[in-house]
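Heads up: the structure comes next, in structure tokens.
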Amino acid sequence: MTQEAAEQPPLRLVIDDSARDPSSKIWYALPAGYLNVPIDALDPEPGSEQETYLQQAMELVLGLAPEDQRDRYTGALRDVRFMTARMRSEGVIACSLGMHIADNGTSAMSVFTVALKDIDWAPAKITAVRAVSLRESTENVELLTLPGGRPASIADTLITMPDLEGVPGQDLYQCTLYIPAPSGTQLGVLTLSSTAVGSRKHYRDMMAGIAHTVSFHDPMPEIERAARGDGPDGTGGVAGDIASDFG
């Protein structure tokens with residue numbers, strides 16, 4: 001081991017509570033800089049306790065807003081609830097917001113979503129190919145081979161957003177992963193969107209790294225063994241694998 005390698009700080013994994021949720025159906029790792037957005041809390045069932053909490057939080061936000069801007073804040077909060085409901089209707093089960101430094105030194109924000117879709121059974125490779133072939137744009141498509149020989153596909157594109165209420169339209173970068181579940185009857189769709197179009201190569205490489213961490217079975221027992229140093233070589237193999245995925 002070189003001195004440089006010896007001084008390398010250990011990889012720190014932060015495990016979200018959702019990873020231990022017994023109802024979870026898909027697991028994945030994100031690099032640092034992402035914050036989980038509680039979709040259930042933003043789109044609660046009518047009459048539920050969560051809806052009461054959300055209403056109280058919205059009233060608190062509006063109470064702190066400048067009086068001459070409360071209508072704008074009300075509209076923004078209403079739009080957030082609408083967009084959350086729309087995401088859930090499209091099968092989105094998780095959402096995270098990311099903040100990073102772009103190549104030009106400015107702050108770059110991205111939105112990462114995960115959807116799990118029920119599909120008719122088909123061989124995994126056919127599902128991965130079919131998913132990208134049904135996109136409006138089939139440019140920049142690539143097939144991936146994940147751990148265990150599992151197939152997946154990745155594609156990215158630029159979308160021009162229209163002008164909205166005096167805000168000029170801008171380009172939006174979007175990168176999507178399609179990962180078939182081993183059952184053959186579900187498809188994981190992981191999407192990253194960002195206006196930092198100059199960082200598209202970085203984001204695409206990052207999404208390819210995320211793809212290698214996706215699992216449809218609970219990886220927590222293996223991660224916990226690795227954290228104790230109980231890997232086959234006495235080290236935490238999972239942590240090393242994730243570090244390699246994200247460069």
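Residues take their numbers from the sequence shown, with the count starting at 1.
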[X] versus [Y]: any side-chain heavy-atom pair under 4.5 Å?
X	Y	value
Ile119	Thr127	yes
Thr176	Val189	yes
Ser215	Thr213	no
Leu97	Val111	yes

- For Gln174 and Thr157, does a side-chain donor sit closer than 3.5 Å to a side-chain acceptor? no
- Message: If you apply the rule side-chain contact (heavy atoms from CB on, under 4.5 Å), what do you find for Leu146 with Ile179, and how did you get there?
- Response: CA-CA 9 Å; Leu146 305 184; Ile179 305 179; 3.9 Å; yes
- Task: Take Leu144 and Leu177 through the side-chain contact (heavy atoms from CB on, under 4.5 Å) test and state the conclusion after the steps.
- Result: CA-CA 10 Å; Leu144 303 175; Leu177 293 168; 4.0 Å; yes
- Item | Verdict with supporting geometry, Val214 and Ile26, side-chain contact (heavy atoms from CB on, under 4.5 Å) | CA-CA 7 Å; Val214 172; Ile26 184 172; 4.0 Å; yes
Which atoms form the tightest heavy-atom contact between [X] and [Y], and what is the distance?
X	Y	answer
Gly188	Phe216	N-CZ, 4.2 Å
Pro31	Tyr34	O-CD1, 3.6 Å
Val92	Thr113	CG1-CB, 4.0 Å
Pro180	Pro151	CD-O, 3.3 Å
Ala131	Leu187	CB-CD2, 4.0 Å
Ile210	Ala29	CG1-O, 3.7 Å

- Query: Do Tyr28 and Phe112 have ring centres separated by under 6.0 Å?
  - Reply: yes
- Task: May I ask you to decide if the ring planes of Tyr203 and Tyr173 are parallel, tilted or perpendicular, using 30° and 60° as cut-offs?
- Result: parallel
- Query: What residues form a salt bridge (charged side-chain N to carboxylate O under 4.0 Å, His left out) with Glu51, not counting sequence neighbours?
  - Reply: none
- Quick note, salt bridge (Lys or Arg N to Asp or Glu O under 4.0 Å) partners involving residues 142-162, not counting sequence neighbours, are Glu142-Arg204, Asp156-Arg200, Asp156-Arg204
- Query: Taking a hydrophobic cluster as the set of Ile, Leu, Val, Met, Phe, Trp and Tyr residues connected by side-chain heavy atoms closer than 4.5 Å, whether directly or through intermediates, do Leu190 and Ile93 fall within one such cluster?
  - Reply: yes
- Message: Before you tell me yes or no, could you show the steps for Ile159 and Asp171 under side-chain contact (heavy atoms from CB on, under 4.5 Å), namely the whole-Å CA-CA distance, both residues' side-chain angles and the distance that decides it to 0.1 Å?
- Response: CA-CA 6 Å; Ile159 302 171; Asp171 288 337; over 6 Å; no
- Message: If you count every heavy atom of other residues, nucleotides or ligands that lies below 6.0 Å from Asp68 atom CG, does the total exceed 12?
- Response: yes
- State the NE2-OG distance between His202 and Ser110, to the nearest 0.5 angstrom. 8.0 Å
So, does [X] use its side chain to make a donor-acceptor pair with the main chain of [Y] at under 3.5 Å?
X	Y	result
Lys117	Glu90	yes
Ser153	Ala128	yes
Ser194	Met109	yes
Ser183	Thr185	yes

- Task: Go through the structure and list residues passing side-chain contact (heavy atoms from CB on, under 4.5 Å) with Thr52, not counting sequence neighbours.
- Result: Gln56
